[in-house]
Amino acid sequence: MNLLTRGLKTMDLLTELRPEQMTLAAGAVWLPGFALPQAEALCAYLQQHFVPHPPQQMMTPMGYPMSVRTSSMGDRGWVGSAQGYGYSAVEPSSGRPWPPIPPLILTLAHDAALKAGYAGFVPDSCLINVYAPGNKMGLHQDKDEQDFSQPIVSVSLGIPATFLFGGARRSDKAVKVPLQHGDVVVWGGASRRFYHGIATIAANQHPQAGAQRINLTLRKAT
DNA sequence: CAGTCGCG
DNA sequence: CGCA
């Protein structure tokens, strides 16, 4: 019995099959399980990171808080406030510089980018988004970076999430990608500025992360 | 005028 | 999907 005679629709294919690599749009690649070898070490490392650098809810310029909590590593960290969005060399709550991105994460990001077709990726910013059940992220573009020739590398840890990957306009139809612990998504080239987001997170539990999804987003900000 | 990682 |  093949997949078509079982009556599977496109969404079912995405949830049942775990291809080694799948193209979501021109220049955008989903790498299921690419970070699984490092995932447990990453979770442990982040737990330690969160002690001196607790994730905080950023504000939007429209006056609403975002539902996710965020922290950062690297020369720059992404911050949001009533004044707008951008990159900061210091953690707003403490005024101290962000801690460096550890080699484990730099290497993972570099290797994932290479696998997706982007050689020589050296990020200077790692945004850490922490999602609890009920949290979400509306469709948006990553457009606060200086150099759009560099891709974005996104690492998923903890409980699952539905990643929404749209197009150049916010109203473009978005593909739904069922991200799991250890999945990596890389987007660049034509898709570098495409809209993307995260659907409301369902209640869930993960052995390493608890009731959380932790997303690492690696960028070259400067 | 452009926006807008939010909301209804 | 369009806001103000």
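Order of the sequence lines sets the chain letters (A, B, ...), proteins ahead of strands, with each chain counted from 1. Quick note: numbers below take in every heavy atom, side chains included, and nothing from hydrogens, waters or symmetry partners.
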With sequence neighbours left out, the residues meeting salt bridge (Lys or Arg N to Asp or Glu O under 4.0 Å) with A:Asp144 are none
**Report entry** Parallel, tilted or perpendicular: rings of A:Trp187 and A:Phe165 (30°, 60°)
**Finding:** perpendicular
| Has the side chain of A:Asp183 got a donor or acceptor atom that lies under 3.5 Å from a matching backbone atom of A:Gln180? | yes
In numerical order, the residues of residues 59-66 of chain A whose heavy atoms come under 4.0 Å of DNA chain B are A:Thr60, A:Met62, A:Tyr64, A:Met66
Taking side chain as C-beta onward, heavy atoms only, is A:Thr162 less than 4.5 Å from A:Pro178? no
Under a 4.0 Å heavy-atom criterion, DNA chain B is touched by chain A from B:dT4 to B:dC7
Under a 4.0 Å heavy-atom cutoff, the residues of residues 134-155 of chain A touching DNA chain B are A:Lys136, A:Met137, A:Gly138, A:His140, A:Gln141, A:Lys143, A:Asp144
Where DNA chain B forms runs of at least three Watson-Crick or G-U pairs (i with j, i+1 with j-1, under 3.5 Å), the stems are B:6-8 with C:1-3
A:His181 vs A:His206, side chain to side chain contact (heavy atoms under 4.5 Å, CB included): CA-CA, chis, key distance, verdict:
CA-CA 9 Å; A:His181 180 71; A:His206 186 274; 3.2 Å; yes
Members sharing A:Met59's hydrophobic cluster, built from side-chain contacts under 4.5 Å between Ile, Leu, Val, Met, Phe, Trp and Tyr, are none
*Please tell me if the side chains of A:Leu108 and A:Leu42 come closer than 4.5 Å, counting only heavy atoms from C-beta onward.*
yes
> Between A:Leu157 and A:Gln208, is any pair of side-chain heavy atoms under 4.5 Å apart?
Replying inline: no
Side chain to side chain, A:Phe163 and A:Val175, heavy atoms closer than 4.5 Å
no
Tracing side-chain contacts under 4.5 Å among Ile, Leu, Val, Met, Phe, Trp and Tyr outward from A:Tyr195 reaches A:Leu139, A:Leu164
The correct set of residues in residues 214-222 of chain A placing a heavy atom under 4.0 Å from DNA chain B is none
In A:Val186, A:Leu31, A:Val29, the residue satisfying side chain to side chain contact (heavy atoms under 4.5 Å, CB included) with A:Lys115 is A:Leu31
Under a side-chain separation threshold of 4.5 Å, the hydrophobic residues clustered together with A:Val90 are none
At a 4.0 Å cut-off to heavy atoms of chain A, the contacted part of DNA chain C spans C:dG2 to C:dC3
Acceptor/donor pairs from residues 49-57 of chain A side chains to any protein atom, 3.5 angstrom cut, sequence neighbours excluded:
unit_1  : atom_1 : unit_2  : atom_2 : d
A:His49 : NE2    : A:Ser71 : OG     : 2.8
A:His53 : ND1    : A:Glu91 : OE1    : 2.9
A:Gln57 : NE2    : A:Met66 : O      : 2.8

Taking the side chain as every heavy atom from C-beta outward, state whether A:Gln150 and A:Tyr118 have any pair of such atoms under 4.5 Å apart.
-> no
Taking side chain as C-beta onward, heavy atoms only, is A:Phe148 less than 4.5 Å from A:Lys143?
-> yes
Quick one: do A:Arg193 and A:Glu145 make a salt bridge, cutoff under 4.0 Å?
no
Could you go through residues 214-222 of chain A and list every donor-acceptor pair under 3.5 Å that involves a side-chain atom there, pairing it with any protein atom two or more places apart or in another chain?
unit_1   : atom_1 : unit_2   : atom_2 : d
A:Asn215 : OD1    : A:Ser154 : OG     : 2.9
A:Asn215 : OD1    : A:Arg213 : NH2    : 3.4
A:Asn215 : ND2    : A:Thr217 : OG1    : 2.8
A:Arg219 : NH1    : A:Tyr87  : OH     : 2.6
A:Arg219 : NH2    : A:Asp142 : OD2    : 3.2
A:Lys220 : NZ     : A:Thr222 : O      : 2.5
A:Thr222 : OG1    : A:Asp124 : OD2    : 2.7

If we take the C1' atom in both B:dG8 and B:dT4, what is their distance in whole Å? 14 Å
